[in-house]
Amino acid sequence: MAYSEAYLKLFVFVIFPLHILAQTKFTIPLGSSLTANEEITPWLSQSGDFAFGFKQIQGQNQFLLCIYYAKIKDATIVWYANGGYPVPRGSVANLHPKNGLNLRDPQGKMLWSSGPIVSNVAYAVMNDTGNFILVGVDSSVLWESFRYPTDTILPTQILEIDNKLVSRKSEFSFSPGRFYLRMLNNGNLVLVTQSKPTNFDYDAEYYNSHTSDPGDVANSGYRLIFDELGSVYILKRNNQRLMLTPPNVPSISENYHRLSLDFDGVLTHYYRPKSSSSTGDQDQRWTTLWSQPDNICLAILEEIGSGACGYNNVCHLDENQRPYCECPKGYLLIDPNDKYGSCKPKFVPSCDELGQENPQDLYDFDVVTDVDWPLSDFERIYPCVEEECRKACLEDCFCGVAIYRSNSCWKKKLPLSNGRVDTTLNVKAFLKIKKISK
Ligand SMILES: *[C@@H]1O[C@H](CO)[C@@H](O)[C@H](O)[C@H]1NC(C)=O
């Protein structure tokens, strides 16, 4: 061992200078480091399109080690280290020959590393594709961010079987959220929800590419490809493609492209003109080229889990087909900063007052039309008229909400899940509330 270690050191000593000569000024030599603070100069790609560095998290004294678009004003982040968890000011990222990329807190404690590396690292490159690469002394690629995507993939990036994208928690919180894009072993690309990242199984599937062919493995998908022209497709082993992108893709030389699993669960292919100094960046926005699913409020229907929004919350679709969540009357957000989270009822049904007073004197209903919370029923009454439905919930101390539709009444218990606006059903919800005592 001692011999091989000495040999390796000698080897590095001899070879390394040659590699330095081969490098351009855009490679990042061993021993380079970045320190988390506002003044940081990131490691740039040759074109200057992408940067690797620390970004301050909005409104916090915390920094995220990440890859972002360096030339656009909002510096959209496309990859992040440390599971998306930000680190304190003064944390240091450095390049080590054996551990690769290391992230340490100001006290020197290791927070994250790109992992053990078999061969010695010679240098790193922030590639113009947005891929951060650790290059070995033999010029091989030892580690690359493209192989460990977070919530986004970029042109020339491939999502292989068993790889995944995970949504972030919210717009400015990058830790893992509830939505996953997975390339499954059977050849299907799926969007699924998972309430706990450690769960072996997921809660619900809300998109499926149907590219699995159990009778013919060759006819099954195995890669999600974002090609160098900006097209996204599922490649089958027989080389057939299922295109996800529409036929006319905005030019890749004039536009940035990214495919992101947004924090609201929608998989979205965005593009945006690269800014030029003449036009400036002011009016430029990310535009949606395509997205999946079309209506996430309706697409997510799960026995376990809360649905597209949090518990008791109601999912609405805006004019751009994006979901937003609004607590129903009589309910409030648990975390006022997390509009997509769960809502708490101001009134919780209780059986304690049973028999003391007439329920008519205690409770009333807020009536909401075109809102449904499928599943989470505990009783169904059919046939039934509206007044009977109301009365049934009123007199049932477990009932928090009754749903009335086409002569049926469903009594529901809290928390409610899968809340959505649905104007096609002609549905009425009776939300039980407490009468204000006179
Ligand atoms: C680096 O970027 C160039 C284009 O700028 C591309 O051809 C090459 O494949 C990239 N290398 C890796 C390892 O991603």
Side-chain angles (χ1 to χ4, degrees), residues 15-16 18-30 32 34 42-53 65-72 75-81 93 95-97 99-101 113-165 183 222-233 235 241 245 249-260 269-276:
I15 298 298
F16 196 45
L18 299 176
H19 269 268
I20 289 178
L21 291 178
Q23 293 166 39
T24 72
K25 66 183 174 121
F26 294 101
T27 61
I28 303 136
L30 274 188
S32 299
L34 296 164
W43 294 334
L44 287 176
S45 72
Q46 187 156 3
S47 62
D49 284 334
F50 288 98
F52 186 96
L65 182 61
C66 60
I67 299 171
Y68 57 94
Y69 292 94
K71 289 181 179 169
I72 67 179
T76 311
I77 290 171
V78 296
W79 181 89
Y80 31 90
L95 214 52
H96 185 273
N99 297 333
L101 191 63
S113 100
S114 58
I117 277 167
V118 283
S119 161
N120 267 27
V121 178
Y123 60 94
V125 187
M126 182 65 253
N127 206 16
D128 277 336
T129 52
N131 192 8
F132 187 77
I133 307 164
L134 300 182
V135 181
V137 289
D138 58 356
S139 298
S140 63
V141 171
L142 298 179
W143 184 93
E144 50 183 336
S145 59
F146 269 19
R147 229 181 298 156
Y148 302 91
T150 52
D151 65 354
T152 296
I153 60 170
L154 298 169
T156 74
Q157 193 167 1
I158 295 172
L159 197 70
E160 306 271 2
I161 279 185
D162 287 339
N163 214 340
K164 59 178 187 288
L165 301 185
M183 188 71 229
Y222 77 117
R223 282 177 160 173
L224 175 68
I225 295 189
F226 201 159
D227 74 13
E228 68 287 353
L229 298 175
S231 288
V232 179
Y233 56 89
L235 185 65
R241 299 171 175 191
T245 320
V249 178
S251 138
I252 199 104
S253 55
E254 285 156 30
N255 295 278
Y256 294 124
H257 284 255
R258 67 183 168 99
L259 180 67
S260 296
H269 182 155
Y270 292 102
Y271 67 97
R272 163 182 185 138
K274 295 183 179 177
S275 54
S276 67

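For ligands, and for the atoms within them, numbers begin at 1 and follow the listed sequence.
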I133 neighbourhood, listing ligand 1 atoms whose heavy-atom distance to it stays under 4.0 Å: 12 (C), 13 (C), 14 (O)

N or O pair under 3.5 Å between N131 and ligand 1: yes

Per-atom contact, atom 7 (O) of ligand 1, protein heavy atoms, under 4.0 angstrom: no

Protein contact to atom 2 (O) of ligand 1 [nearest heavy atom, distance to 0.1 Å]: N127 ND2, 2.4 Å

Residue, atom name and distance, where the atom is the protein heavy atom closest to atom 4 (C) of ligand 1: T129 CG2, 4.1 Å

Expected output: side-chain S114 to main-chain L101 donor-acceptor under 3.5 Å: yes

Parallel, tilted or perpendicular: rings of F132 and F52 (30°, 60°): parallel

Those atoms of ligand 1 less than 4.0 Å from some heavy atom in D128: 5 (O)

Single hit among T150, N131, N127 for side chain to side chain donor-acceptor pair (under 3.5 Å) with S145: N131

Full working for side-chain hydrogen bond (donor to acceptor under 3.5 Å, both in side chains) between S260 and D151: CA-CA 6 Å; S260 296; D151 65 354; 5.3 Å; no

Rounded distance [0.5 Å steps], CD1 in I158 versus CE in M183: 12.0 Å

